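Not measured: the values here are computed from a predicted model. So that the names make sense, note that chain A is the first sequence line, chain B the second, and so on, each numbered from 1.
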Amino acid sequence: MSDLLAHLNPSQAQAVTLPDEHALILAGAGSGKTRVLTTRIAWLIHSGAVSPAGILAVTFTNKAAREMRLRIEAMVDGRARGMWIGTFHGLCNRLLRAHHRDAGLAALFQILDVADQLAAIKRLLKALNVDSDRFPPRELLYFINTHKEAGLRPHAIEAHDDYTRRRVELYQEYEAQCQRESVVDFAELLLRCHELLQRNEPVRRHYQQRFRHILVDEFQDTNALQYRWLKLLAAEGGEGGAALFCVGDDDQSIYRFRGANVGNMRDFEREFHVRHLIRLEQNYRSHGNILDAANAIISNNGNRLGKNLWTERGEGEPIRVFEALSDGDEARWIVGEIETLVREGVARGDIALLYRANAQSRALEHQLFSSGIPYRVHGGLRFFERQEIKHALAYLRLIANADDDTAFMRVVNFPARGIGARSQELLLDAARAGGASLYAAIAALSGRSAVALAPFHRLIEDLRGETAALPLPDLVEHVLERSGLRTHYQTEKEGQDRLENLAELVTAARNFSVEAQVAPETWGAPHGLLAEFLNHASLEAGDHQAGAEEDAVQLMTIHAAKGLEFDVVFLGGLEEELFPHGNSLAESGGLEEERRLMYVAVTRARKRLYLSCAQERVLHGQTHYCLRSRFLDEIPQSLVKFLARGTQRSASAAPSGSGAVSRPRAPETASSRGLPGGLRIGQNVRHPRFGYGVIVAAEGGGGDAKAQINFGDAGVKWLLLSAAKLETV
DNA sequence: TAATCGTTGGTTTTT
DNA sequence: CCAACGATTA
């Protein structure tokens with residue numbers, strides 16, 4: 001047992017060996033958070049304090065849950081079996097399946113992902129004849145989800161205006177529709193589970209008594225409902241409740257926009273009378289200069305729980321800062337620098353390009369592509385979200401549950417089988433009138449549309465019969481064939497990739513049936529394993545992308561980079577309005593969240609960090625003249641090395657010869673020649689009173705020349721150049 | 001039913 | 001600028 005603790009520093013060891021009481025672990029970036037969490041669990045089991053079945057560990061991603069289980073298994077050889085490790089959604093799903101009756105759900109209820117949910121809402125609005133201009137589906141989705149995440153059912157919402165009253169009604173209608181179709185969305189999983197535990201005392205007591213230790217990862221990202229769920233399970237305040245062990249970092253809370261509530265950390269500390277607050281501040285990832293920069297940046301935020309990262313490593317290299325002329329120039333510079341690094345032996349996979357917004361990847365990709373550097377963009381469409389996969393899953397869903405109208409609508413006429421908009425409308429009306437699902441309503445049709453829909457009805461019937469006894473992979477295979485999906489993509493000229501993905505789906509089903517331990521409650525149910533596979537597909541969007549093996553430069557948003565680390569990190573687009581993003585500046589607390597994002601970005605780097613900004617950037621087809629980000633100025637100058645144009649080690653392979661990274665002036669700039677004093681649009685200037693600014697427009701000439709200058713916080717002003725004491729920067 | 005045109009909106013998104 | 005969606009047209 002002592003060797004469990006052998007590689008831990010004192011704070012880590014203290015956290016791991018805490019008594020059976022509530023604890024809050026403030027784990028800084030790179031401080032060994034996961035190690036503490038997993039070792040804690042192993043230690044609890046080894047010390048005999050609790051049996052594996054008494055442990056519940058909660059994460060946010062399936063990947064994190066898998067890794068945690070793997071690492072624990074390595075430490076407790078085989079005794080990890082009875083532990084519950086999973087995401088909030090995965091665990092709630094499991095509980096709801098086990099107690100579906102008590103929760104008022106069908107045994108084989110399906111899970112809607114966001115796209116399904118949006119489709120369901122659109123269908124609802126259409127059925128109710130609601131003007132979707134007045135009630136945009138996206139807005140309604142947001143309305144429903146935020147209220148669910150706040151634990152509010154329609155009847156509990158106070159509506160003070162007609163508009164909200166109507167939205168509440170629609171929320172209610174949406175719930176009824178989901179119930180009728182036996183589907184639940186993500187937020188519903190949590191809310192339903194919370195209600196189950198709250199209302200059903202035997203069930204609640206059962207789990208409260210079972211789980212002696214509840215451990216939560218990324219606690220700063222929990223939302224209000226998740227925290228309430230934890231409180232309920234841990235029997236807050238009651239005798240004999242579980243010990244809650246929460247690990248998180250308030251400085252890395254970057255999902256507020258999605259409902260995450262950092263305040264949960266303080267609330268937890270207070271409500272559970274937490275006596276053990278441990279800070280993990282020793283960082284094992286980054287060199288000193290990088291940490292110092294991160295600390296300096298985040299110190300500008302107020303209301304922190306407080307933490308200062310340090311390292312035993314040396315200070316390392318300075319942080320490199322580059323000011324590019326334009327976004328294209330920035331991309332060229334970054335790629336030039338990457339070429340140098342690769343030539344010096346840095347693996348491409350150890351280099352990451354981070355950015356605030358996905359749109360920024362375009363320029364970078366373009367440049368990487370033309371330089372022939374392999375790269376991989378993270379994010380974007382995931383496996384189970386692809387069109388062809390969703391189509392295949394829809395057929396599978398109809399087999400498991402024919403009342404799933406979302407699935408029905410998706411494939412009723414795909415591949416095209418002559419069921420046009422008219423037939424679909426008639427069917428929707430019939431279903432609505434009879435209070436039945438679309439599938440059931442086919443029987444009620446007559447005339448032309450009945451004829452049109454009959455073959456589809458028969459197809460689904462047949463599929464159910466034919467597949468009832470098939471092993472899951474064969475079942476999927478059969479559906480691909482019989483539904484006509486495969487033939488459809490075979491005849492489509494761009495269908496090759498899609499066919500491969502469909503084949504990959506069969507593989508996924510095979511892997512799933514090998515690995516899955518089928519939950520007892522679905523044993524024997526005719527398509528029980530299928531239902532579980534479908535849930536797996538909804539809850540796990542599929543991180544395993546093809547082509548992950550090649551040694552490639554990694555591109556992703558800062559959000560996507562959380563939890564990852566790289567030897568070399570490039571962070572581009574450090575400009576006001578982009579990062580910090582303009583939209584976030586308006587909301588209260590927005591700037592601080594942006595700053596945490598900056599903190600996350602900086603702490604991804606192990607050895608070398610490059611920061612860059614551009615003087616002008618094309619966004620939405622318009623050229624913006626940018627001020628450098630305030631975050632750049634929050635880094636102590638002593639840590640920084642400013643790279644001047646041409647200073648970079650010359651690369652013979654560079655696009656236009658050594659140092660010649662600047663491009664010809666843009667037309668906009670050329671049109672502004674004639675401004676006195678060598679000023680041009682896009683020029684950075686300093687004014688004695690207004691501070692730093694950038695010229696965004698100009699008019700007049702000679703002695704009358706005026707320039708419009710954006711001074712950031714000081715506003716945008718027109719100044720007479722002959723009078724203003726401007727200094728170029 | 002499919003193809004085409006026009007409108008709209010574009011920060012981040014673990015489940 | 002440009003992708004994605006909805007409505008209109010062939």
Visitor: Calculate the interatomic distance between A/Glu365 atom CD and C/dC1 atom P; express it in whole Å.
Guide: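 Rounded to the whole Å, the gap is 20 Å.
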Visitor: Flag the pair A/Tyr395 / A/Phe408 as yes when their ring centroid distance falls below 6.0 Å, and as no otherwise.
Guide: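 Ring-ring flag for A/Tyr395/A/Phe408: false, centres at least 6.0 Å apart.
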Visitor: Closer than 4.0 Å, any side-chain N/O of A/Asn62 to the OP1 or OP2 of B/dT15?
Guide: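 For B/dT15, OP1/OP2 do have a side-chain N/O of A/Asn62 under 4.0 Å.
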Visitor: Tell me, for nucleotides 2-10 of chain C in 5' to 3' order, what letter each nucleotide earns: B for a base near a protein heavy atom under 4.0 Å, S for only sugar-phosphate near one, - for neither?
Guide: SS--S----
Visitor: Tell me what A/Val114 touches on the nucleic acid: a base, only sugar-phosphate, or nothing, going by heavy atoms under 4.0 Å.
Guide: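 Base contact - A/Val114 has a heavy atom under 4.0 Å of at least one base atom.
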Visitor: Ignoring hydrogens and angles, does a donor from either the side chain of A/Arg258 or the base of B/dT14 sit under 3.5 Å from an acceptor on the other?
Guide: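 No, the side chain and the base share no sub-3.5 Å donor-acceptor pair.
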Visitor: Heavy-atom nearest nucleotide on DNA chain B for A/Arg417 versus A/Glu218: which residue maps closer to 5'?
Guide: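 The residue closer to the strand's 5' end, by nearest nucleotide, is A/Arg417.
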Visitor: Does A/Thr87 put a side-chain nitrogen or oxygen below 4.0 Å from OP1 or OP2 of B/dT14?
Guide: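 No, outside the criterion.
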Visitor: Taking only side-chain N and O atoms of A/Asn358, does any of them lie within less than 4.0 angstrom of OP1 or OP2 on B/dT13?
Guide: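 It does, given that an N or O in the side chain of A/Asn358 lies less than 4.0 Å from OP1 or OP2 of B/dT13.
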Visitor: Looking at A/Asn583, A/Leu627, A/Leu585, which one forms a side chain to side chain contact (heavy atoms under 4.5 Å, CB included) with A/Glu577?
Guide: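 In the set A/Asn583, A/Leu627, A/Leu585, the residue that makes a side chain to side chain contact (heavy atoms under 4.5 Å, CB included) with A/Glu577 is A/Leu585.
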Visitor: Report the nucleotide, chosen from B/dT1, B/dT11, B/dT15, that has the shortest atom-to-atom distance to any side-chain atom of A/Glu594.
Guide: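 My answer, after comparing the listed nucleotides, is B/dT11.
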Visitor: Figure out the CD1/P separation between A/Ile419 and B/dA2, and round it to whole Å.
Guide: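 Those two atoms, CD1 and P, are 12 Å apart.
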Visitor: What residues form a side chain to side chain donor-acceptor pair (under 3.5 Å) with A/Arg595, not counting sequence neighbours?
Guide: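 Applying side chain to side chain donor-acceptor pair (under 3.5 Å) to A/Arg595 gives A/Asn301, A/Glu634.
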Visitor: Once you round it to whole Å, what is the distance between P of B/dT12 and CE of A/Met598?
Guide: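 That distance rounds to 18 Å.
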Visitor: A/Leu91 near the nucleic acid: base, sugar-phosphate alone, or nothing, with a heavy-atom cut-off under 4.0 Å?
Guide: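 A/Leu91: no heavy atom of the nucleic acid under 4.0 Å.
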Visitor: Whole Å only: how far is the CG atom of A/Leu597 from the P atom of B/dT14?
Guide: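 The answer, rounded to whole Å, is 14 Å.
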Visitor: Check whether any side-chain heavy atom of A/Phe135 sits under 4.5 Å from a side-chain heavy atom of A/Leu170, and report yes or no.
Guide: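 Yes. Closest side-chain heavy atoms under 4.5 Å.
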Visitor: Roughly how far, to the nearest 0.5 Å, is CG of A/Leu611 from CZ of A/Arg628?
Guide: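 It comes to 10.0 Å.
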Visitor: What nucleic acid atoms does A/Phe579 come within less than 4.0 Å of, heavy atoms only: base, sugar-phosphate, or nothing?
Guide: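 It contacts nothing in the nucleic acid.
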Visitor: Just checking, is any N or O donor in the side chain of A/Thr623 or A/Glu616 under 3.5 Å from an acceptor N or O on the other one?
Guide: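 Note: A/Thr623 and A/Glu616 side chains miss the donor-acceptor criterion.
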Visitor: Check every strand shown and say whether A/Asp113 touches a base, only sugar-phosphate, or nothing at a heavy-atom separation below 4.0 Å.
Guide: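 Here A/Asp113 touches no strand at all.
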Visitor: Give a yes/no answer on whether the side chain of A/Arg382 brings an N or O atom under 4.0 Å of OP1 or OP2 in B/dT14.
Guide: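 Yes.
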Visitor: Does any donor atom in the side chain of A/Arg97 or A/Asn93 lie under 3.5 Å from an acceptor atom in the other side chain?
Guide: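 A pair is found: one side chain offers a donor N or O, the other an acceptor, under 3.5 Å apart.
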Visitor: Can you measure A/Leu619 atom CG to B/dT12 atom P for me and round it to whole angstrom units?
Guide: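 Rounding to the nearest Å, CG of A/Leu619 and P of B/dT12 are 11 Å apart.
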Visitor: Please give, in whole Å, the distance from B/dT15 P to A/Trp229 CH2?
Guide: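 To the nearest whole Å, that distance equals 16 Å.
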Visitor: DNA chain B: A/Ala416 or A/Ala560, which has the more 5' nearest nucleotide?
Guide: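 By nearest-heavy-atom nucleotide position, the 5'-most residue is A/Ala416.
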Visitor: Under a 3.5 Å cutoff, is there a donor and acceptor pairing between the side chains of A/Arg258 and A/Asn223?
Guide: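 No, no side-chain donor-acceptor contact under 3.5 Å.
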Visitor: Output the rounded distance in Å from NE2 (A/His620) to P (B/dG9).
Guide: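 Going from A/His620 (NE2) to B/dG9 (P), I get 12 Å.
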Visitor: Under 5.5 Å centre to centre and under 30° between planes: does that hold for A/Phe257 and the six-membered base ring of B/dT12?
Guide: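 Yes; by the centre-distance and plane-angle rule, A/Phe257 counts as stacking on B/dT12.
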Visitor: Between B/dT13, C/dC1, B/dT15, which nucleotide has the shortest distance from any of its atoms to the side chain of A/Leu539?
Guide: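 The closest nucleotide is B/dT15.
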Visitor: Give a yes-or-no answer on whether the side chains of A/Gln179 and A/Gln177 include a donor-acceptor pair shorter than 3.5 Å.
Guide: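 There is no such pair between these side chains.
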Visitor: Short of 4.0 Å, heavy atom to strand atom, which residues of residues 581-589 of chain A count as contacting DNA chain B?
Guide: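 The answer is A/His581, A/Asn583, A/Glu587.
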Visitor: Would you say the ring centers of A/His559 and A/Tyr355 fall short of 6.0 Å from each other?
Guide: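 Between A/Tyr355 and A/His559, which both carry aromatic rings, the centre distance is not below 6.0 Å.
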Visitor: Could you tell me whether the side chain of A/Gln226 reaches within less than 4.5 Å of the side chain of A/His194, counting heavy atoms only?
Guide: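 No; the side chains remain at least 4.5 Å from each other.
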Visitor: Quick one: A/Leu141 CG to B/dT13 C1', roughly how many Å, whole number?
Guide: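 In whole Å, B/dT13 C1' and A/Leu141 CG are 12 Å from each other.
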Visitor: In whole Å, what separates the C1' atom of C/dC5 from that of B/dT12?
Guide: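 22 Å, rounded to whole Å.
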